There are 2 protein chains.
Amino acid sequence: MTIQEAARRSGLSAHTLRYYERIGLIHSVGRNGSGHRDYDEQDLGWLDFLTKLRSTGMSIADMCRYAQLLRAGAHTAGERRRMLERHREKVAARIAELTQDLSALDYKIRTYRETA
Amino acid sequence: MTIQEAARRSGLSAHTLRYYERIGLIHSVGRNGSGHRDYDEQDLGWLDFLTKLRSTGMSIADMCRYAQLLRAGAHTAGERRRMLERHREKVAARIAELTQDLSALDYKIRTYRETA
DNA sequence: GTCGCCCTTAGAGTGCGCTCGAAGTCAAAC
DNA sequence: GTTTGACTTCGAGCGCACTCTAAGGGCGAC
């Protein structure tokens, strides 16, 4: 599929897809006869995973590291798993923090309602 | 209290405190005889509130807008309340998104565990 | 065949939120 | 009295994650 189609389906811009490939986040997307990128379903799945990592706040640098480990082969599975586990804890902590801040916000809003 | 003490208690750097004041996020912090900033408990409370807004992802621009409304007086209370309510919804949505992504992450980690 | 459009690469530019540096002031320590 | 060190202002610089531009290539529609 074309870069536009991949952009539409992944929710990333074509610019961002090229950028991700340039920095090594996406490896060896196929090219068609004209040298244009030709994404397949596996690429889409990987993009989807990357998007989840991004949206949970993983840095581009860490995502690159994960991608590199993946390319290095099965013997890095343990390290990849540990990366995800560490990241998981960060996300859980972030949810806890946001949940607390949400209560504080609710409290503040209540005071506005009572004052009004 | 000195800027260092305010930095320590607020968790922001002295640089950031000056920056916040410059852009209008913090209004008229008192000065002592030497022209040095002299923070009081009310300033600390405001910083604490700002920090909550920041950590929940409100942009500096929106925080400035809130600060401006606050300075404008009591007749802006409704608009301030609406700002907070809109922000509250964003935070709640973010928590929901993170919670979903956390499950996806957990699933992925489980597949690593089973493969290992 | 040429117009229009989308593609390619490599590098420059942008926006956000700080973060730092330079130049100067002031007060306490020695 | 001079050194030390924290403070002041204000503008420049930085890191991140894109986002865009320039210059050129390829292909289908007319």
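Quick caveat, the model's predicted, so the values are computed rather than measured. To find a chain, count down the sequence lines: A is the first, B the second, and so on, and within it residues start at 1.
In this structure, the CZ atom of R65(A) is 16 Å from the P atom of dC16(D), given to the nearest Å. What separates CE of M58(B) from P of dG17(C) is a distance of 12 Å, to the nearest Å. L50(B) places its CG atom 13 Å from the P atom of dG17(C), with the value rounded to the nearest Å. For the pair L25(A) CG and dC16(D) P, the computed distance is 14 Å after rounding to whole Å. One interatomic measurement links the two molecules: OH of Y39(B) to P of dC7(D), which rounds to 10 Å at whole-angstrom precision.
Each of R81(B), R80(B), R82(B), E85(B) was scored for a side chain to side chain donor-acceptor pair (under 3.5 Å) with Y112(A), with one residue passing: R80(B).
With S59(A) contributing its side chain and D62(A) its backbone, the two residues share a donor-acceptor pair below 3.5 Å.
Where G33(A) and Y20(A) meet DNA chain D, the nucleotide closest to each residue was compared, and Y20(A) sits on the side nearer the 5' end.
A salt bridge links R9(B) to E41(B): at least one charged side-chain nitrogen sits closer than 4.0 Å to a carboxylate oxygen. D48(A) and K52(A) are joined by a salt bridge, as a carboxylate oxygen and a charged side-chain nitrogen come within less than 4.0 angstrom of each other. Salt bridge absent: E21(A) and R18(A) never bring a charged side-chain N and a carboxylate O closer than 4.0 Å.
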Item checked: Protein-to-nucleotide contact annotation, 5' to 3' order, nucleotides 1-16 of chain C [B base; S sugar-phosphate only; - none; under 4.0 Å, heavy atom] -> ------SBB-B-----
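Residues in residues 66-93 of chain B take part in these ring-ring contact (aromatic ring centres under 6.0 Å, His included) pairs, two or more places apart or across chains: F49(B)-Y66(B).
For the pair Y19(A) and dC20(D), the criterion of a side-chain N or O lying under 4.0 Å from OP1 or OP2 is not met.
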